[in-house]
Amino acid sequence: MQMNDLAPRIEAVYRRIAEAAHRAGRNPAHVRLVAVTKEHPLSTVQAAVAAGLFDLGENRIGALEGRIRDVPDPRVRWHMMGRLQRRSAPALHGLAHWVHSVDSERLALRLDQSCPEGVAPLSILVQVNTSGEAQKGGVEPDMAVDTVGRILEAPNLRVEGLMTMAPFVEEEAVLRATFACLRSVQEQLRSELPAYAGTELSMGMSNDFELAVEEGSTLVRIGTTLFGARAP
Ligand SMILES: *Cc1c(COP(=O)(O)O)cnc(C)c1O
């Protein structure tokens, strides 16, 4: 894409977020845009930062390391998303500010145990499989209370909330149900786990972010709509 197209694209995304929020009686200021720069060239990341996008998302640790080296801007909050191997957990400390894809208790505990001493707790979102698709990662909704309850005991993690990935379909009812399920899991955690203070719902991508905002998303993760198609 042409980088001089970026400002109007950002503006259009913010407008669509605001309209969706208003449809649901929500304050658009409670929805944060995470710009997913994965697989795009460095020039795209630089243009994003120059345009005022300071929440940036990547899905591979090696790529994240490269980004931080190439764009060492302290204003940027780096968001890690996408499936993570447990053995790569130690490398995330000091790189990611937020990890969206904590899809199991085992990964959470590995992240906790590998946290260097004296470092602030890592902000995480527990991924919940609210689409029911077997190939999707995440904690099953009916296991969320037990699993999150145990993750809350990890001293080096700060559970900011939950994350989900919707199925890649067009049917509005299916997408809405996937997002509404995440919101109801959040409500259940709040009522059943006194230690749970999560407020964030990371849901919505290029394909479906307006529905996600209508259903309560506080973090939308958008790549293609901002930056165009990724190189195959
Ligand atoms: C790539 C990716 C996105 C962004 O997807 P787009 O459809 O390009 O907006 C969001 N979330 C996750 C976890 C991703 O891997």
Side-chain angles (χ1 to χ4, degrees), residues 1 3 5-6 8-17 20 31-41 44-45 47-48 51 53-67 76-85 88-89 92 95-104 107-108 111 122-131 133 135-139 160-172 174-175 178-179 181-182 200-232:
M1 69 168 284
M3 280 309 141
D5 292 346
L6 186 55
R9 287 189 188 209
I10 295 170
E11 213 170 292
V13 167
Y14 278 127
R15 182 168 26 78
R16 289 169 62 187
I17 290 171
V31 184
R32 204 188 318 170
L33 172 58
V34 179
V36 181
T37 51
K38 69 178 183 201
E39 292 161 42
H40 283 283
T44 299
V45 182
L53 294 173
F54 298 126
D55 284 284
L56 302 182
E58 289 287 332
N59 70 339
R60 290 192 302 110
I61 293 181
L64 179 62
E65 257 170 333
R67 293 302 199 205
V76 176
R77 282 175 299 265
W78 295 101
H79 297 253
M80 190 67 190
M81 53 192 66
R83 195 160 269 185
L84 291 166
Q85 305 290 330
S88 59
L92 278 168
L95 293 179
H97 296 94
W98 285 59
V99 181
H100 288 234
S101 43
V102 177
D103 58 4
S104 71
L107 174 62
L111 276 170
L122 182 64
S123 287
I124 66 158
L125 297 159
V126 176
Q127 185 174 347
V128 182
N129 182 352
T130 62
S131 73
E133 294 170 293
Q135 75 274 22
K136 285 251 160 60
V139 175
E160 305 279 2
L162 307 176
M163 179 269 208
T164 198
M165 304 267 292
F168 201 73
V169 298
E170 297 289 334
E171 292 101 313
E172 184 177 319
V174 174
L175 295 168
T178 304
F179 299 137
C181 178
L182 196 70
E200 306 288 341
L201 292 176
S202 170
M203 55 190 199
M205 310 184 7
S206 288
N207 201 34
D208 53 25
F209 70 91
E210 286 149 302
L211 289 174
V213 168
E214 288 181 29
E215 294 298 330
S217 173
T218 65
L219 291 160
V220 290
R221 312 178 307 265
I222 298 181
T224 309
T225 299
L226 288 169
F227 305 121
R230 288 177 285 276

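Each ligand, and each atom within it, is numbered from 1 in the order the structure gives.
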Verify the distance criterion only: is there a donor paired with an acceptor across the side chains of Glu200 and Thr218 at less than 3.5 Å? yes
Ignoring hydrogens and angles, tell me if any N or O in the side chain of Ser123 forms a donor-acceptor pair with the backbone of Glu160 under 3.5 Å. no
State whether the number of non-hydrogen atoms from other residues, nucleotides or ligands found under 6.0 Å of Arg77 atom CZ is greater than 12. yes
Near Gln135 CD, under 6.0 Å, is it more than 12 heavy atoms from other residues, nucleotides or ligands? yes
If only side-chain N and O atoms count, and only distance matters, is there a donor-acceptor pair under 3.5 Å linking Thr130 with Thr164? yes
Compute both the distance and the angle, then confirm whether Arg221 meets the cation-pi test with Trp98: under 6.0 Å from the six-membered ring centre, within 45 degrees of the axis. no
Taking only heavy atoms of the protein into account, state which residues are under 4.0 angstrom from an atom of ligand 1, in chain and number order. Val36, Lys38, Met81, Met165, Met205, Ser206, Arg221, Ile222, Gly223, Thr224, Arg230
